[in-house]
Amino acid sequence: MGHGFSGSTLLTLLLGSHPAMATVGETEVAPAAKVDQGSLTCSCQRLFRDCDFWRSVQSGMAARGHDFDVVDAAALDFRASHDPLADMMMRAGPRGPVLEMVRRLGLDLLPGPRRIMAKVVQRNQDFIETVTGLRGCRVFVDASKRPVRALHLRRLRDTRVKVIHLVRDGRAVACSAMRNLNATPEAGARSWLRTNLACERARHRFGAEDWLRLRYEDLCADPAMTLAALHRFIGVAEHPLADDFHDGQHVIGNRMRLRHMGEIVADERWRQSLTTAERGLIEQVAGAANRRYGYEER
């Protein structure tokens with residue numbers, strides 16, 4: 001859970017290298033929804049439709065009664081484009097206790113939303129069981145990042161949902177948004193702040209033992225120790241960090257997943273890229289929250 005440009009692809013690949021954990025990266029984002037055509041290539045370097053793993057997933061989903069295509073996998077999204085009421089209840093970000101109770105009651109009691117939610121939950125249940133079955137794993141890592149998705153995934157049968165709230169220095173995220181999305185410093189900072197506040201609201205729906213906040217910079221500073229702590233949090237045996245942790249995975253996400261990574265080093269380009277004026281604009285929007293996550297003003 002967290003904002004884009006926060007290192008989620010790196011974290012996903014590191015977690016997915018554990019023999020007890022399976023992942024396909026951003027479950028809720030079909031490759032065709034991405035802007036760059038490189039996203040139509042699996043992290044194994046083959047086109048998704050030519051990848052043996054994804055062909056097996058498609059066959060497994062068909063056996064469970066689903067017409068599934070990874071390149072257009074919108075059926076896994078908690079959305080309902082043909083039913084505005086259900087769509088609003090499913091897509092709205094986390095709210096306070098009263099509104100979350102209203103959401104839950106609406107999705108449980110109103111016939112239309114209840115039926116749609118049940119179908120989407122079942123598709124996700126079957127997808128997760130298909131992937132973990134193919135990989136011989138008992139843990140599924142979902143890198144979709146949206147806070148509300150974690151709330152909905154708690155409806156899965158016989159499944160315990162744990163959340164890793166991944167944060168990165170707001171200045172770095174805003175700088176990435178400026179570079180990749182042509183955003184203004186203020187817009188990048190507002191997006192970072194809005195997402196992390198939504199994560200904090202979702203935090204109240206989980207017990208302390210099922211929630212862990214992780215800073216991207218700490219992960220990069222000591223990957224082995226951080227990964228060992230994550231394994232303990234998830235409840236799997238500790239597994240050493242391999243040099244080839246990228247290999248053998250089939251991940252949806254940004255183009256980073258297509259590169260073989262060597263030494264893990266934090267991307268700190270923002271320190272040189274941001275002007276004093278740009279830093280000031282980001283500070284006005286997100287400075288207080290940034291310091292709350294332990295990032296000093298410097």
Side-chain angles (χ1 to χ4, degrees), residues 1-29 78 93-94 124 128 131-132 135 137-154 156 159-170 172-173 176 192-241 245-246 249 251-254 256-257 261 264 266-267 289-290 292-295:
M1 186 184 295
H3 197 283
F5 308 121
S6 295
S8 61
T9 300
L10 171 63
L11 177 59
T12 300
L13 291 169
L14 288 170
L15 292 175
S17 68
H18 191 289
M21 290 193 274
T23 185
V24 296
E26 298 182 54
T27 308
E28 201 175 49
V29 181
F78 284 95
N124 277 275
I128 290 170
V131 171
T132 52
R135 301 304 298 266
C137 299
R138 68 179 183 88
V139 177
F140 182 80
V141 180
D142 188 333
S144 299
K145 297 192 290 293
R146 290 205 312 137
V148 71
R149 180 173 176 82
L151 301 183
H152 295 327
L153 288 177
R154 295 185 306 163
L156 296 173
T159 300
R160 182 175 179 177
V161 178
K162 293 193 173 190
V163 174
I164 299 172
H165 177 198
L166 181 64
V167 297
R168 185 184 180 193
D169 193 311
V173 173
S176 292
W192 175 88
L193 180 62
R194 184 168 55 249
T195 297
N196 283 294
L197 288 178
C199 293
E200 291 180 9
R201 285 193 293 271
R203 164 71 182 84
H204 298 295
R205 313 304 299 177
F206 292 85
E209 68 281 4
D210 292 332
W211 186 279
L212 183 147
R213 182 175 293 155
L214 171 65
R215 301 197 317 172
Y216 159 80
E217 294 81 3
D218 296 335
L219 172 65
C220 293
D222 196 336
M225 185 177 73
T226 304
L227 205 55
L230 290 173
H231 291 161
R232 292 192 295 272
F233 165 71
I234 293 167
V236 295
E238 292 183 26
H239 188 73
L241 174 61
F245 65 87
H246 183 283
Q249 300 201 54
V251 170
I252 301 169
N254 67 35
M256 173 189 172
R257 69 202 160 79
M261 288 167 280
I264 298 172
D267 180 354
N290 211 34
R292 192 167 67 247
Y293 292 138
Y295 298 109

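The closest side-chain donor-acceptor pair between Asn124 and Arg149 falls under 3.5 angstrom.
Here the OG1 atom belonging to Thr195 is positioned 10.5 Å from the CZ atom belonging to Arg146, to the nearest 0.5 angstrom. Once rounded to the nearest 0.5 Å, the distance linking CD of Glu28 with CD1 of Ile252 reads 11.5 Å. To the nearest 0.5 angstrom, Leu197 atom CG is 9.0 Å from Cys199 atom SG. Here the CG atom belonging to Leu14 is positioned 9.0 Å from the CG atom belonging to Leu230, to the nearest 0.5 angstrom. Here the straight-line distance linking atom CZ of Arg215 with atom OG of Ser6 works out to 12.5 Å at 0.5 Å rounding. A distance of 11.0 Å separates NE2 in His165 from CG in Leu212, rounded to the nearest 0.5 Å.
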Step-by-step side chain to side chain contact (heavy atoms under 4.5 Å, CB included) determination, Phe78 to Leu153
CA-CA 10 Å; Phe78 284 95; Leu153 288 177; 4.1 Å; yes
Please test Phe206 against Leu151 for side chain to side chain contact (heavy atoms under 4.5 Å, CB included), starting from the C-alpha separation and ending with a verdict.
CA-CA 9 Å; Phe206 292 85; Leu151 301 183; 3.8 Å; yes
Assess whether side chain to side chain contact (heavy atoms under 4.5 Å, CB included) is satisfied between Val24 and Val251, documenting all intermediate values.
CA-CA 4 Å; Val24 296; Val251 170; 6.0 Å; no
Evaluate the side chain to side chain contact (heavy atoms under 4.5 Å, CB included) criterion for residues Ser8 and Lys145: first the C-alpha distance (whole Å), next the side-chain angles of each, then the deciding distance (0.1 Å), finally the verdict.
CA-CA 8 Å; Ser8 61; Lys145 297 192 290 293; 3.5 Å; yes
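Taking the six-membered ring where the residue is Trp, the centroids of His231 and His239 are separated by 6.0 Å or more.
Judged purely by atom type and a 3.5 angstrom limit, Ser144 uses its side chain to pair as donor or acceptor with the backbone of Thr27. Judged by distance alone, the side chain of Asn290 and the main-chain N or O of Tyr295 form no donor-acceptor pair under 3.5 Å. A donor-acceptor pair under 3.5 Å is absent between the side-chain atoms of Glu217 and the main chain of Ala266, judged by distance alone.
Between Arg135 and Met21 there is no side-chain heavy-atom pair separated by less than 4.5 Å. The shortest side-chain heavy-atom distance between Cys220 and Leu10 falls under the 4.5 Å cut-off. Arg213 has its side chain out of reach of Met1: every pair of non-hydrogen atoms, C-beta onward, lies at least 4.5 Å apart. Residues Val236 and Val139 are in side-chain contact: their nearest non-hydrogen atoms beyond the backbone lie under 4.5 Å apart. Between Thr23 and Asp142 there is no side-chain heavy-atom pair separated by less than 4.5 Å.
Residues Leu166 and Gly7 approach most closely at CD2-C, 3.6 Å, considering heavy atoms. A pairwise comparison of heavy atoms in Gly4 and Val173 identifies O-CG1, 3.7 Å as the closest pair. When all heavy atoms of Leu193 and Ala289 are compared, the closest pair comes out as CD1-CB, 3.5 Å. The two residues Ala198 and Pro94 have their closest heavy-atom pair at O-CG, 3.7 Å. In terms of heavy atoms, Ile234 sits closest to Lys162 at O-NZ, 3.9 Å. When all heavy atoms are compared, the tightest approach of Val163 to Ala150 is CG2-CB, 4.2 Å.
Between Glu200 and Arg292, at least one side-chain N (NZ, or NE/NH1/NH2) sits under 4.0 Å from a carboxylate O, which counts as a salt bridge.
Not counting sequence neighbours, the partners of Arg232 by the side-chain hydrogen bond (donor to acceptor under 3.5 Å, both in side chains) test are Glu238.
Judged by a 6.0 Å distance limit and a 45° cone about the ring axis, Arg168 is not positioned over the six-membered ring of Tyr293.
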